[in-house]
Structure formats: structure tokens, C-alpha cells
Participant: 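Have a look at this one before I ask anything.
Nothing fancy with the numbering, it's 1 onward along the sequence. Keep in mind the model is a prediction, meaning the values are calculated, not measured.
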Amino acid sequence: MTTVRTRIAPSPTGDPHVGTAYIALFNLCFARQHGGQFILRIEDTDQLRSTRESEQQIYDALRWLGIEWDEGPDVGGPHGPYRQSERGHIYKQYANELVAKGHAFPCFCSAERLDAVRAEQMANKETPRYDGHCMHIDPQEAQQRIAAGEAHVIRMKVPSEGVCVVPDLLRGDVEIPWDRMDMQVLMKTDGLPTYFLANVVDDHLMGITHVLRGEEWLPSAPKLIKLYEYFGWEQPRLVYMPLLRNPDKSKLSKRKNPTSVTFYQRMGFLPEAMLNYLGRMGWSMPDEREKFSLAEMIEHFDVSRVSLGGPIFDIEKLSWLNGQWLRELPVEQFAAEIQKWALNPEYLMRIAPHVQNRVETFSQLAPLAGFFFMGGVSPDAKLFEHKKLSPEQVRQVLQLVLWKLEALRQWNKDNITAIIQKVAEHLGLKLRDLMPLIFPAISGQASSVSVLDAMEILGPDLSRFRLRQAVELLGGVSKKETKEWEKLLAAIN
């Protein structure tokens, strides 16, 4: 009997997302319920955005939740390497095999030509897709052009008519017409694979038997299925999990909800409660109880109990559940968890140098440094009134700083300062013009300890959250302003 093997394959390109944790949890439970193995693979072929810092954050966030893997980049295993960036030679071999079999072809089209083709198709109200321009180039000519160093990608061939039947364990057979599929790029000009080729090759070589992934991948499933067919491999069983949604039913996004696992850790949620809540997203225990542990979820897990309705990620509901967990802790453990969260020597030692010269008694610590132990702060809107800037400009400044900080991967005082400085310079202002806006947003007060040091200590999650709160306090950002300000953002380097 085949051993069940599942996997999670996150991209290390940002903060560890609750959606990643949600899919990881269900893959873990499915594997453990069947006595199988759960693998962590890192999809880092996006060389511009992938970082080792982000990769480490993924490990830390999943482990904080209590999710452990049997094989992965940090623990090893018999099917390594487990980072896609270290498997380039493998993908090249399989891409060449597809070309040799006539299932794929080199494409030399420039970005300008592809844009022009798409624009014409859209003008004619056609589905934008590759027009097959390079598909009929003589293989010998194609090899000569490659040997001469001409830039190219490798594309897969797809049928232009008929339907593909996608067997989903939750939905049954889903029919998707082939005329919706593009001739997918499999290998990029930089010699690295796209998601589609790497995914299929890795899942096959790593013996993955079941793939539980987000339903946003269902429309492109035919391309994956066709690749298995081209290679002559048995495809894994497929489960397309319902997407996490905001309370307004839109797809969960950081514009409307904090989506980083580490945000919830810094806010003081228990990992057991967070995992419990993610388990309730689209699934329920046989006895419908709300509170359950990971061990209980694994014991009772049945994928057929997954509900296809879009699960709502509601922080209020999560907070309620966290409260249930907190109240049932023995009081000694409750105190220990508080210490672990923020009253630990490591965190206090980071704060102490910034408050020692500002107090005359310990009782002055709470008003001065209390914001270090809070999730959000509640500044008075009057603190954002500015001599030089209009209310609209104040919102714009805070939003631009927030957007720039959302993209910052190496979080330290120098990098934070540099970003605020760049935004100020681009708007014809000085750093000292912006700092009076940053102080209340971060500390809730007009002044405090060095706010730049405070942002480094608080970390990216709480700093960004508080800036987002400040923007909302001042009226938020309209869709029109978002479009205009995003253009401005692109010009700030």
C-alpha cells in the first residue's frame, strides 16, 4: 500500500501568510490521519523577491503554530534538495525531454510582440493567449538560435478545443474548456522554471500522493494534468481547498485584514487557539465542538467534511476563541505565557536602554513604554494636525510610508529611516517634517522614546498595523486615491 505523502510549497517572498498556515495544517492533518508524511518545499524561483529571511520566517511561523514537517530544506530528507533554486539542472532536463517529445517548444517572441498580440486579441474581445507564433519553427533552426545565445523561453503545447476533466476530491469531476488555457511558459529566459513545471516535476520526484491546495489554482489545473500526461506519470489526488475570505467575502488580503502569522503572535494570540481557528476554516469536528487541539483534529480528520463555502477569517471570532483558550489555562501557565509573550528578559533588554535615561522611578515606565506591550494604539486625531501639510497630505504621507515598509524585508532602524527619508525627499519635505506623524501612529503619543528605535523593537507586523490604523483613523484611502498614490509610490526609489 502506498504511503500517503502531502506537501506545502510556499514562496519566501513576504511575510508568512495565514493562508499558507491554513493549507499547511490541512495537508499535515491529511497525512497524519493516514499515517503518512508531510513535506515542506520552498518555491524560490522568483529570484528578485525570494529571500532567506522570508524563508526563515516561514519556518518560525509554522513551528510557532505547532506545524512540523518530516522532510524539508532545514531538516533534510531522501528527496532533496528541497529548495527549487537548487534544482535547476533537474527542471532543465525535464523541459528538454518535453521539447524532444514534441510537447513543448522554444519561443523567441519579445515582450513587445507578446504585448501587441494580447492588445489586439483584447480589442477583438478574444481571450488573451499566446498565438503559437514560434510553435512551427524547425527544431534545427531553433537549436541554432539557442546556440547563438538568442533569448528564449520554453512553452508547453495545449489543446485548443475540447474539455479537460479535473478530478477534485471535494467537488467531483470539474470540466474546464481547453480554449481557456494559454501555452504556458515552463522555463523562463533566466533558465529557471515557472510554478507549473517545477510543481509537477517536484511532486512526482518527491512521491507526493495527494495535493491539497487553494481553489485559486483550480482554473489552471488542466495545464498541470496535461504535464503529467506528457511525462507519462501518475498524477496525485487533488483537493482544492476553499479560499479564506474577509468578512465582506472578498479574498483575504492585507489591505483589509492582517494576514501575517507573526502579526497574531506579536498581538498575543496563543498558537493553539490560532491553529484551532484555522482548523475551523471550512471544516468541523464530527460533534461540531468549537474548541479542539491539533491532536484532536488529526484524530477526527476527514477531508469530506471540508465545506466549500468560502470560510470567513474574522478577527473578532478568533479573539473570542483565543479567550476560551486563555480562560481554561491553569493560572501558572497563563502567567508563564504572558512572560513568554512580552515580559521575557530578551524583549525587556531591548527596551531598557531607551527608557533608562527618561525615568526617575519605575512607576513612570508604564506611561512611557506601555505602547511596547500593546497591539494597537489609540492616538488622538488632533496629534496628526500638521503646520505644513493638509489633512489629505498627512494621509498620503502615512500611506506611502506604510506601502514602502510593507515591501521591506530586512527590518532595522537604518532601513526604516531610509524609507521615511525617501518618501520625505520625493514629496519635497525633510525627515523632521514626517517624524511628528510617525510618533503618534506608532506610540499613540506626541512624543516618546526614539520612534525609529521603537519601530525596530516592535517589529514589522505591529509597526505596519499601527500605521494602517492611523490611516483609517484619518479617514482611510479611497479607490481613486489608491490609484493615484500607487503611481507616486512607483517613482519613490
Participant: Indicate, with yes or no, if the rings of Phe313 and Tyr277 have centres closer together than 6.0 Å.
Facilitator: yes

Participant: So, Lys226 and Glu229, do they make that salt bridge, N to O below 4.0 Å?
Facilitator: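 A salt bridge is present here (some side-chain N lies under 4.0 Å from a carboxylate O).
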
Participant: Can a donor-acceptor pair be found, under 3.5 Å and without considering hydrogens, that links the side chain of Arg87 to the backbone of Ala198?
Facilitator: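 Not confirmed, Arg87 side chain does not pair with Ala198 backbone.
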
Participant: Are Met455 and Leu405 packed together at the side-chain level, in the sense that at least one heavy-atom pair is separated by less than 4.5 angstrom?
Facilitator: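 Touching, per the 4.5 Å side-chain cut-off.
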
Participant: Considering only NZ, NE, NH1 and NH2 on the basic side and carboxylate oxygens on the acidic side, decide whether Glu68 and Arg32 come within less than 4.0 Å.
Facilitator: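 No salt bridge links Glu68 with Arg32.
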
Participant: Fit a plane to each ring of Trp233 and Tyr228, take the angle between them on a 0 to 90° scale, and name the class: parallel (under 30°), tilted (30 to 60°) or perpendicular (over 60°).
Facilitator: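 Rings of Trp233 and Tyr228: perpendicular, over 60°.
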
Participant: Salt-bridged, Arg409 to Asp15, with N to O below 4.0 Å?
Facilitator: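 Salt bridge present between Arg409 and Asp15.
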
Participant: Quick one about Asp461 and Ser260 (side-chain donor to acceptor, distance below 3.5 Å, no hydrogens or angles considered), yes or no?
Facilitator: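 On atom types as modelled, these side chains qualify, holding a pair under 3.5 Å.
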
Participant: Can you tell me if Asp248 uses its side chain to pair, donor with acceptor, with the backbone of Ser250 under 3.5 Å?
Facilitator: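 Yes: the side chain of Asp248 pairs with the backbone of Ser250.
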
Participant: In Å and rounded to the nearest 0.5 Å, what is the CD1 to CZ distance from Ile208 to Arg5?
Facilitator: 5.5 Å

Participant: Would you please name every residue forming a side chain to side chain donor-acceptor pair (under 3.5 Å) with Lys291, sequence neighbours left out?
Facilitator: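 Expected list: Glu328.
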
Participant: Nearest 0.5 angstrom please: Trp69 CH2 to Thr6 OG1, how far?
Facilitator: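 The OG1 atom of Thr6 is 13.0 Å from CH2 of Trp69, to the nearest 0.5 Å.
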
Participant: Suppose the criterion is salt bridge (Lys or Arg N to Asp or Glu O under 4.0 Å): which pairs have a residue in residues 129-149, not counting sequence neighbours?
Facilitator: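 Matches after skipping sequence neighbours: Arg113-Asp131, Glu141-Arg145, Arg145-Glu150.
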
Participant: If you count heavy atoms of other groups shown closer than 6.0 angstrom to CD of Gln47, is the number above 12?
Facilitator: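 More than 12 within 6.0 Å, yes.
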
Participant: Under 3.5 Å, side chain of Asn415 to main-chain N/O of Trp411, donor-acceptor pair present?
Facilitator: no

Participant: Hey, could you give me the CG/CG distance between Asp46 and Leu192, rounded to the nearest 0.5 Å?
Facilitator: 9.5 Å

Participant: Are any of the side-chain nitrogens in Asp314 or Lys317 under 4.0 Å away from the carboxylate oxygens of its partner?
Facilitator: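 No salt bridge links Asp314 with Lys317.
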
Participant: With a 4.5 Å cut-off on side-chain heavy atoms, are Met206 and Arg7 touching?
Facilitator: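 Heavy-atom side-chain distance check fails, nothing below 4.5 Å.
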
Participant: Mind running salt bridge (charged side-chain N to carboxylate O under 4.0 Å, His left out) on Arg41 and Asp203 for me, showing each step along the way?
Facilitator: CA-CA 10 Å; Arg41 187 170 73 225; Asp203 281 350; 2.9 Å; yes

Participant: Short question: side chain of Thr194, backbone of Val185 - any donor-acceptor pair under 3.5 Å?
Facilitator: yes

Participant: Is a donor from one side chain sitting under 3.5 angstrom from an acceptor on the other, for Asn199 and Glu43?
Facilitator: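 Distance-only check passes for Asn199 and Glu43.
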
Participant: To the nearest 0.5 Å, what is the distance between CD1 (Ile420) and CG (Leu400)?
Facilitator: 12.0 Å

Participant: Any idea how Phe26 and Trp283 line up, ring-wise: parallel (<30°), tilted (30 to 60°), or perpendicular (>60°)?
Facilitator: perpendicular

Participant: Quick check on the 6.0 Å ring-centre criterion: do His210 and Phe30 meet it?
Facilitator: yes

Participant: Are more than 12 heavy atoms, taken from residues, nucleotides or ligands other than Lys101, located less than 6.0 Å from that residue's NZ atom?
Facilitator: yes

Participant: Is the backbone N or O of Leu318 less than 3.5 Å from a side-chain atom of Asn322, with the two atoms forming a donor-acceptor pair by type?
Facilitator: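 Judged by distance alone, no pair lies under 3.5 Å.
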
Participant: Any salt bridge (Lys or Arg N to Asp or Glu O under 4.0 Å) involving residues 176-193? Give me the pairs, sequence neighbours left out, ordered by first then second residue.
Facilitator: none

Participant: Would you give the length of the straight line joining atom CG of Leu452 to atom CD1 of Ile438, rounded to the nearest 0.5 angstrom?
Facilitator: 8.0 Å

Participant: Taking Leu224 as the fixed residue, which of Gln235, Gln184, Arg213 is the one that meets the side-chain contact (heavy atoms from CB on, under 4.5 Å) rule?
Facilitator: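 For Leu224, the side-chain contact (heavy atoms from CB on, under 4.5 Å) check succeeds only for Arg213.
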
Participant: Take a 6.0 Å sphere around CD of Glu486 and say whether it holds more than 12 heavy atoms from other residues, nucleotides or ligands.
Facilitator: yes

Participant: Once rounded to the nearest 0.5 Å, what's the spacing between atom CG of Asp453 and atom CG of Asn412?
Facilitator: 11.0 Å

Participant: Is the count of non-hydrogen atoms from other residues, nucleotides or ligands lying under 6.0 Å from Met135 atom CE greater than 12?
Facilitator: yes

Participant: Report the residues that fulfil side chain to side chain donor-acceptor pair (under 3.5 Å) with Ser284, sequence neighbours left out, ordered by chain and then residue number.
Facilitator: Arg305

Participant: When the side chains of residues 77-84 are checked against the rest of the protein, which donor-acceptor pairs come out under 3.5 Å, sequence neighbours left out?
Facilitator:
| from | atom 1 | to | atom 2 | distance (Å) |
| --- | --- | --- | --- | --- |
| His79 | ND1 | Leu205 | O | 3.3 |
| Tyr82 | OH | Glu71 | OE1 | 2.6 |
| Tyr82 | OH | His79 | N | 2.9 |
| Arg83 | NE | Glu55 | OE1 | 3.0 |
| Arg83 | NE | Glu55 | OE2 | 3.0 |
| Arg83 | NH1 | Glu86 | OE2 | 2.9 |
| Arg83 | NH2 | Glu55 | OE2 | 2.9 |
| Gln84 | NE2 | Asp202 | OD2 | 2.9 |

Participant: Listing request: all salt bridge (Lys or Arg N to Asp or Glu O under 4.0 Å) pairs with a residue in residues 153-163, at least two apart in sequence or in separate chains.
Facilitator: none

Participant: If we ignore hydrogens and angles and just use 3.5 Å, is the side chain of Lys251 paired with the main-chain N or O of Glu216 as donor and acceptor?
Facilitator: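 Checked: no pair found.
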
